[in-house]
Amino acid sequence: MTRADPVCPGNRAGPPTAGIPYRPPADVAEALRVQEELRSRVDLLGPGPSAPATVAGLDVAYAESGDRLAAAVTVLDAATLAVVDEAVCVGRPAFPYVPGLFAFREMPALLTALERLTVRPELLVCDGHGVAHPRRFGLACHLGLVTGLPAIGVGKTPLVGSWTGPGQRRGDRADLRDGGEVVGRVLRTRDGVRPVFVSVGHRIGLDGAVERVLALTPRYRLPETTRTADRLCRRALAAGGDRS
DNA sequence: GCGACAG
DNA sequence: ATCTTGTCGC
């Protein structure tokens with residue numbers, strides 16, 4: 001299986017989209033060191049693609065036994081939200097679940113799935129936080145740095161920070177602040193539903209990230225990218241194997 | 001010291 | 001994340 005230019009760590013895409021190699025940590029102490037070391041390399045400003053042609057959604061599903069997982073990436077046409085490419089990777093969790101170190105659990109499988117894409121997406125929408133993280137380096141930041149792609153984090157529940165309730169209408173938002181700094185935005189994507197937590201992953205500003213999330217939620221609370229990826233990884237998990 | 005804690 | 005029934009609402 002040879003391919004032209006998939007999204008993969010260490011590819012030769014060249015700046016400004018070149019990523020950095022992914023280093024799997026052996027333990028919690030090392031994982032913490034990795035985050036502390038990489039946090040300064042996150043690009044919090046962007047500008048990020050104002051009108052991306054393609055947007056990717058990433059998600060992971062776990063088997064009840066907890067010993068198997070399926071990572072999925074779906075690439076959508078940003079204008080029509082139609083799925084134009086997708087890939088999966090079935091494997092084992094690469095790290096125990098520790099709040100704040102969540103990325104190390106799913107990254108290897110997600111990166112493999114990304115490598116299997118035929119279309120290189122212009123933006124990554126991750127199921128988890130970006131800088132709205134204890135060390136300002138959540139999954140979306142790590143994926144952004146490793147792939148070199150603009151990335152945003154969309155969490156369903158908060159990990160850090162506090163806010164004062166946004167209004168009940170779609171589009172209403174409030175700053176998510178932690179330790180005096182704005183680390184994300186609490187965004188109501190549909191009238192009357194629970195808000196989602198949007199934060200910068202890499203190479204895009206917070207306002208741009210919010211704008212993209214709204215464009216991806218014409219009908220449901222969660223971005224279409226997340227929904228299509230979620231269905232794909234569940235399907236892959238149920239179907240069983242991954243031949244590679 | 002006791003909770004809280006992305007998925 | 002995953003396990004779970006019914007139920008309220010469009």
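Atoms considered below: every heavy atom in the structure, side chains included; atoms not considered: hydrogens, waters and symmetry mates. Quick note on labels: first sequence line is chain A, next is B, and so on, each numbered from 1.
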Handout entry: Shared hydrophobic cluster, A:Phe197 / A:Val200 (ILVMFWY, side-chain heavy atoms < 4.5 Å)
Key =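 Result: no, two separate clusters.
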
Can you see whether [X] engages [Y] through a side-chain donor-acceptor pair at a distance of less than 3.5 angstrom?
X: A:Arg194; Y: A:Thr157; value: no
X: A:Glu106; Y: A:Tyr62; value: yes
X: A:Thr74; Y: A:Thr228; value: yes

When the distance from [atom1] of [X] to [atom2] of [N] is rounded to whole Å, what number comes out?
X: A:Arg68; N: C:dA1; atom1: CZ; atom2: C1'; result: 14 Å
X: A:Tyr220; N: C:dG9; atom1: OH; atom2: C1'; result: 15 Å
X: A:Leu69; N: C:dA1; atom1: CG; atom2: C1'; result: 10 Å
X: A:Asp67; N: C:dT2; atom1: CG; atom2: C1'; result: 13 Å

Show me the donor-acceptor pairs, under 3.5 Å and distance only, between side chains in residues 159-169 of chain A and residues at least two apart or in other chains.
unit_1: A:Arg169; atom_1: NH1; unit_2: A:Asp191; atom_2: OD2; d: 3.4
unit_1: A:Arg169; atom_1: NH2; unit_2: A:Asp191; atom_2: OD2; d: 3.3

Problem - salt_bridge(A:Arg227, A:Asp59) N-O dist < 4.0 Å - result: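 No salt bridge links A:Arg227 with A:Asp59.
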
Problem - Start and end of chain A contact along DNA chain B [non-hydrogen atoms, under 4.0 Å] - result: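 Extent of the interface on DNA chain B: B:dC5 to B:dG7.
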
Touch class at under 4.0 angstrom, heavy-atom based, for [X] against every strand present:
X: A:Ala132; answer: nothing
X: A:Leu101; answer: base
X: A:Gly66; answer: nothing
X: A:Pro134; answer: nothing

